[in-house]
Amino acid sequence: MSFTNCWGIAAKSKHKDQAIKFVEAMTTVDQQMAFAKAFGVMPSRQSAGAQYTQQFPADKAFIDGAAYAQGPVNAPKMDSVLADFDAGLQGLTNGDPKALLARVQKNTQSALGR
């Protein structure tokens, strides 16, 4: 799975031009690399991928995986399923991965009415 930070600007904002400039500044390659260094996150811009893998070669698989990654499921009733999955991932060192995946599948199908 891949998670991104999203920026939004209210359509009726009194300061729309400034908000756009702020978002543009926060999404430059230099700023994305500053976030990577400060918070340990990979950049959300594809154009920063090469610079990121040069500075963080051990994380190259994350950059490579972004091409086929999927975002979080935003369907109704999925919050509890994903919370349970997150808890299961945290306990995976002592848990059973197959059982966790089976539980996620069952809970997802139930939440989606399938």
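All values below come from the heavy atoms of this structure, side chains included, with hydrogens, waters and symmetry mates left out. Residue numbers count from 1 along this sequence.
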Under the side-chain hydrogen bond (donor to acceptor under 3.5 Å, both in side chains) rule, collect the residues that match up with Lys60, sequence neighbours excluded. Asp64

Would you confirm whether Lys16, through its side chain, and Ala11, through its main-chain N or O, come within 3.5 Å as a donor-acceptor pair? yes

How far does NZ of Lys21 sit from CD1 of Ile9, to the nearest 0.5 angstrom? 12.0 Å

Quick one: closest heavy-atom pair of Val29 and Ser47, and the distance? CG2-OG, 3.4 Å

Gln32 side chain to Ala48 backbone, donor-acceptor under 3.5 Å: no

Are any side-chain N or O atoms of Ser110 and backbone N or O atoms of Lys106, one a donor and one an acceptor, separated by less than 3.5 Å? no

In the structure I gave you, are the side-chain heavy atoms of Trp7 and Phe22 within less than 4.5 Å of one another anywhere? yes

Quick one, Lys37 and Tyr52 - any side-chain contact, counting heavy atoms below 4.5 Å? no

Straight-line distance of Lys77 NZ to Asn107 CG, nearest 0.5 Å: 13.0 Å

Option passing side-chain contact (heavy atoms from CB on, under 4.5 Å) with Thr28 (candidates Glu24, Met26, Gln31): Gln31

Return yes if some donor-acceptor pair links the side-chain N/O of Thr53 with the main-chain N/O of Ala50 below 3.5 Å, else return no. yes

Might you confirm whether atom CZ of Phe62 has over 12 heavy atoms from other residues, nucleotides or ligands at distances under 6.0 Å? no

Distance from Met42 atom CE to Ile63 atom CD1, nearest 0.5 Å? 4.5 Å

With distance as the sole test, does Thr108 use its side chain to make a donor-acceptor pair with the main-chain N or O of Val104 at under 3.5 Å? yes

In residues 78-96, what donor-acceptor pairs under 3.5 Å come from side-chain atoms, sequence neighbours left out?
residue	atom	partner	partner atom	Å
Asp84	OD2	Arg103	NE	2.7
Asp84	OD2	Arg103	NH2	3.4
Asp96	OD1	Lys98	N	3.2

